[in-house]
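The block underneath contains the structure these notes are about, expressed in structure tokens.
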Amino acid sequence: MLDQPLPSNQTERLADAEAIAARIPDGAFVALPPDYSLVAMEVVRALIRREAKDLRLLGVPVLGFCADLLIGAGCVREVETSAVSLGEAGLAPRFSAAVEQGRLRVVDATCPMVHSGLQAAEKGVPFMPLRGVIGSDLTRRRDDWKTLANPFEQNDALIVARAIQPDVALFHARWADSAGNVWIGRRRELATIAHAARACYVTFEALREGDMLEDELLAPGVLGAVYVSAVARAPRGAWPLGVIGEYGIDDAHILEYARRAKTAEGFARYLDEFVTRRAAQPA
Amino acid sequence: MLDQPLPSNQTERLADAEAIAARIPDGAFVALPPDYSLVAMEVVRALIRREAKDLRLLGVPVLGFCADLLIGAGCVREVETSAVSLGEAGLAPRFSAAVEQGRLRVVDATCPMVHSGLQAAEKGVPFMPLRGVIGSDLTRRRDDWKTLANPFEQNDALIVARAIQPDVALFHARWADSAGNVWIGRRRELATIAHAARACYVTFEALREGDMLEDELLAPGVLGAVYVSAVARAPRGAWPLGVIGEYGIDDAHILEYARRAKTAEGFARYLDEFVTRRAAQPA
Amino acid sequence: MAESYAREELLACTVARLIGDATQTAHVAVGAASPIPATAVELLRARQGGRPRLSLLHRRHGNPFSEGSRELFDLAGQGRIDVFFLGGAQIDGEANINLVEAEGRRFPGSFGSAFMYFAARRTILFREEHSARVLVPRVDFVSAPGWSPPGVWRRGGPQALLTGKALFAWQAERRRFRLESVHPGVTPEDLRANTGFDYDAPARVATTPEPTDAELALLRGPVAREIAPNYPAFAARLWRIAA
Amino acid sequence: MAESYAREELLACTVARLIGDATQTAHVAVGAASPIPATAVELLRARQGGRPRLSLLHRRHGNPFSEGSRELFDLAGQGRIDVFFLGGAQIDGEANINLVEAEGRRFPGSFGSAFMYFAARRTILFREEHSARVLVPRVDFVSAPGWSPPGVWRRGGPQALLTGKALFAWQAERRRFRLESVHPGVTPEDLRANTGFDYDAPARVATTPEPTDAELALLRGPVAREIAPNYPAFAARLWRIAA
């Protein structure tokens with residue numbers, strides 16, 4: 001798998017979130033950040049509008065609101081993640097219902113194993129070792145985790161995560177620039193998934209002229225264009241999740257969602273109001 | 001080795017580079033950045049003034065001017081590095097002389113193996129695998145590198161680097177703040193060595209009030225105080241090397257050094273003029 | 001006895017005692033949603049001049065990390081996390097925890113527990129609900145095991161289990177919990193009836209110490225002000241303080 | 001024939017042809033000190049609307065990386081580096097390179113060669129000095145091997161060897177160099193006498209094409225302006241242009 005090299009991109013500028021959703025094919029293995037990181041919610045809504053099917057979601061390392069929405073809308077075949085939760089708003093209702101009714105396969109992980117698997121792909125190595133995990137029932141369901149003897153020590157076994165190479169890294173950024181770079185700040189899990197994935201699609205709040213990599217103050221928070229397949233502007237594109245420095249998480253909306261999505265009917269009305277109908281509106 | 005946990009620091013503020021040099025004991029295994037990164041040159045000079053002995057230097061991943069100075073001054077027993085070079089100023093003269101005269105042990109490495117060994121320590125795992133390297137004569141001299149079968153593939157061997165845990169990470173930063181954080185910008189190899197090392201000493205150009213981790217624009221370039229044992233102010237502390245945004249490398253000085261250090265006598269005069277005598281001056 | 005206090009305040013004071021003073025504990029990490037462990041750490045910090053260091057994973061502003069969501073796990077791997085907290089949909093008498101599934105119900109998932117329970121130097125198990133449904137003889141799914149056999153690397157493990165009714169200490173050598181104290185108003189019989197697993201208990205069971213006036217003054221002053229920005233609903237309910 | 005040109009300009013044009021056009025090459029990385037490969041890439045970029053992407057390791061301002069000195073190696077591991085350059089204190093007829101030690105002399109060290117030679121899709125070997133001292137039958141120390149046996153992962157290897165006197169193509173199946181061309185003014189006999197290793201050669205040896213007027217115009221205009229800030233001494237000497 002890893003012998004198929006990843007591309008060096010010349011970043012494309014696309015029109016909007018719909019255009020990005022159109023690039024993500026049915027069946028794709030899509031890596032997504034947690035709700036407290038930078039989630040490309042407008043693309044998630046566009047995926048639901050285009051009736052994406054059979055997606056496999058990777059939580060880096062956990063999933064939340066965006067995954068619950070995609071699962072409820074029937075776009076998802078499988079999730080590989082350390083958790084799916086709405087945080088303080090409680091359990092993810094569509095996720096729980098889909099699993100309990102046998103409609104969704106869950107590949108249960110634990111956070112640092114996800115990070116290690118992605119870091120292996122980032123380095124182009126087939127696996128990475130980790131301490132702990134041995135004795136957890138998680139290992140019984142993962143044939144991509146194996147135990148391995150420490151070659152430097154007698155009688156010392158470790159678990160190893162096979163490299164995880166997503167088809168798509170998808171997230172939102174505060175800024176993109178003319179050179180195709182995006183600014184992700186301290187959310188470095190986004191850099192890791194971009195490094196590891198075959199394609200990386202990013203929506204952004206605002207465009208900056210010039211090249212952020214030439215600015216030593218901005219550069220540490222930049223993901224370089226070489227990793228970015230395409231970008232599209234999506235103002236408030238993370239809503240109802242947040243973008244630090246721009247807007248916070250809309251806690252009231254997430255609570256309202258949690259309440260409505262307890263039933264399939266309530267979820268359908270939520271979709272109709274906040275996802276499907278917006279397609280008819282001008283951007 | 002790695003079962004001895006690393007400390008969570010409450011960063012100390014020391015008076016000057018001399019005070020930091022006093023914390024670095026003879027025989028310590030000291031990780032240093034390359035010349036184009038942020039080298040704590042004033043501490044290097046203070047180590048020479050205090051006549052440090054038997055240091056082991058780790059180049060992350062290469063060494064330059066600072067190592068040549070320490071080697072020439074007799075402070076170094078061994079270097080573990082992918083290269084020692086003055087870059088455009090040519091070979092490192094005191095390094096070459098010490099090796100050719102059998103006075104210095106070199107543990108030859110290759111850049112990504114150094115990074116992988118430090119990343120292993122950063123994660124608390126005993127080793128990390130890497131592609132390539134097999135067939136290089138480097139492997140013959142390293143009992144901390146082993147080949148290992150890929151557990152996910154038949155007939156596929158990889159090389160693994162044993163975790164590298166330096167006693168000391170030593171470097172210079174543009175800023176420190178009241179909370180003990182330091183700003184290293186995009187020089188992330190400095191974060192890696194700080195994460196991996198038992199102690200981390202940092203000189204800085206200027207102090208910022210407050211906590212840089214509270215500033216989302218600065219935070220991506222911050223190394224958090226939890227990793228920093230002690231800091232000390234050293235204005236122009238990287239000279240004749242540079243600090244991006246503050247001052248550039250003094251190429252003329254490095255060329256002058258390269259010329260003088262070709263002979264032991266020339267080197268001794270250089271030390272006298274630029275290292276030893278400065279001790280008598282007020283800070 | 002102290003003036004009247006909330007159950008959350010009792011629990012926070014108990015957690016603070018478990019963490020211990022700054023000579024024992026340099027760095028506490030608090031994940032996920034519960035504000036009570038964070039309150040306990042802030043209580044210690046108010047007493048001890050800002051120690052121990054507190055890393056709040058989901059702090060919305062001024063998050064302590066600059067390496068993304070990987071950094072907590074790397075910190076723990078390095079041995080730089082002294083105390084961590086875990087809960088469970090189920091917790092059993094061997095200190096195994098289950099965050100995945102029980103009785104046909106799906107829970108969020110294991111998060112980082114399968115690593116943190118090994119790598120943090122001490123883990124305090126914390127679950128407010130104390131019932132035979134939660135505290136079971138054997139978890140349905142081991143997200144993270146309470147102990148590991150010889151030859152499996154393990155830096156740390158459970159220190160104690162604190163619930164809304166009682167405090168248990170973990171006896172590593174016996175692989176069993178021992179009842180330390182019941183909270184005011186709980187009887188040992190009540191406790192036994194609501195606990196699904198067997199545990200050791202002394203002949204005379206102590207009562208969990210109530211918060212002192214000094215503790216309550218700190219909780220309702222500086223601690224409340226530190227907690228409010230990150231746990232606004234909790235602080236508003238408990239102390240009527242706005243973020 | 002073109003107007004008079006510098007040897008560096010001939011070498012840069014030759015490197016540009018080896019790299020190939022933008023359909024073949026998306027990303028070239030240039031390490032260490034030599035400005036000639038960087039000049040070649042800038043020549044291509046001037047012709048091809050800014051392609052291929054050039055990552056200059058030691059660029060002092062606007063360095064393309066934000067993950068520190070690790071990023072180049074991770075990029076190569078991912079397969080995102082199409083062309084890389086390596087030299088050697090010694091290079092032998094099996095394309096092994098030695099950057100460590102020879103005849104009692106110590107050189108800087110292997111840098112990232114032992115990884116990059118495997119992971120970059122193509123490596124162009126470049127060394128201006130062409131002598132039997134540098135081009136040896138067998139290197140004293142293998143920093144990085146020119147080829148790997150079956151079963152050893154290797155994404156890429158040598159494409160060619162360019163020196164101040166000639167261009168050799170690498171024949172992977174024969175594990176030998178083949179002489180492609182000698183630079184103007186060099187005879188095949190002169191070359192054989194100054195090369196320590198054996199190589200294949202055609203009956204009639206071609207001459208390395210000289211820079212065209214169009215190439216020279218680009219080199220001395222836009223390329224010089226791009227190169228000057230990062231290689232000031234080189235640009236000043238060759239084109240009398242300041243950084």
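By convention in this document, chain letters (A, B, ...) are assigned in the order of the sequence lines, proteins followed by strands, and residues within each chain are numbered from 1.
Interatomic distance, B:Arg188 CZ to D:Phe65 CZ, rounded to the nearest 0.5 Å: 15.0 Å. Once rounded to the nearest 0.5 Å, the distance linking CZ of D:Arg70 with OG of B:Ser116 reads 9.0 Å.
Using a 4.5 Å cut-off between heavy atoms, B:Val106 contacts chain D through its side chain alone, with no backbone atom that close. Only the side chain of B:Gln119 comes within contact range of chain D, with at least one heavy atom under 4.5 Å from a heavy atom of that chain. Using a 4.5 Å cut-off between heavy atoms, B:Ala109 touches chain D through its backbone atoms (N, CA, C, O) alone. Contacts of B:Leu130 with chain D are made by side-chain atoms alone, with heavy-atom separations under 4.5 Å and no backbone atom involved. Looking at B:Val99, only its side chain comes within 4.5 Å of chain D, counting heavy atoms on both sides. Only the backbone of B:Asn155 comes within contact range of chain D, with at least one heavy atom under 4.5 Å from a heavy atom of that chain.
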Just distance, no hydrogens or angles: give the donor-acceptor pairs under 3.5 Å from side chains in residues 108-120 of chain D, sequence neighbours left out.
| from | atom 1 | to | atom 2 | distance (Å) |
| --- | --- | --- | --- | --- |
| D:Ser110 | OG | D:Ser143 | OG | 2.8 |
| D:Ser113 | OG | D:Ser110 | O | 2.7 |
| D:Tyr117 | OH | D:Ala95 | O | 2.7 |

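Using a cutoff of 4.0 Å between basic side-chain nitrogens and carboxylate oxygens, D:Glu101 and B:Arg141 are scored as salt-bridged.
Counted within 6.0 Å of CD on B:Gln101, heavy atoms from surrounding residues, nucleotides or ligands total more than 12; the atom is thus considered enclosed. The environment of D:Arg237 atom CZ is dense: over 12 non-hydrogen atoms of other residues, nucleotides or ligands sit within 6.0 angstrom. Other residues, nucleotides and ligands contribute at most 12 non-hydrogen atoms within 6.0 Å of the CZ atom of D:Arg51.
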Next on the checklist: Evaluate D:Glu67 against B:Glu189 for side-chain contact (heavy atoms from CB on, under 4.5 Å), listing each step before the verdict.
Outcome noted: CA-CA 8 Å; D:Glu67 297 268 333; B:Glu189 60 273 6; over 6 Å; no
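D:Phe107 and B:Phe95 get closest at one heavy-atom pair: O-CE2, 3.9 Å. Contact detail for D:Asn230 and B:Glu88: the closest heavy-atom pair is O-OE2, 4.3 Å.
For the pair B:Ile134 and D:Trp153, the minimum side-chain heavy-atom distance is 4.5 Å or more. Residues B:His115 and D:Ser69 form a side-chain contact, since some pair of their non-hydrogen atoms from C-beta on lies under 4.5 Å apart.
If you check the side chains of D:Arg105 and B:Ser96, you find no donor sitting under 3.5 Å from an acceptor.
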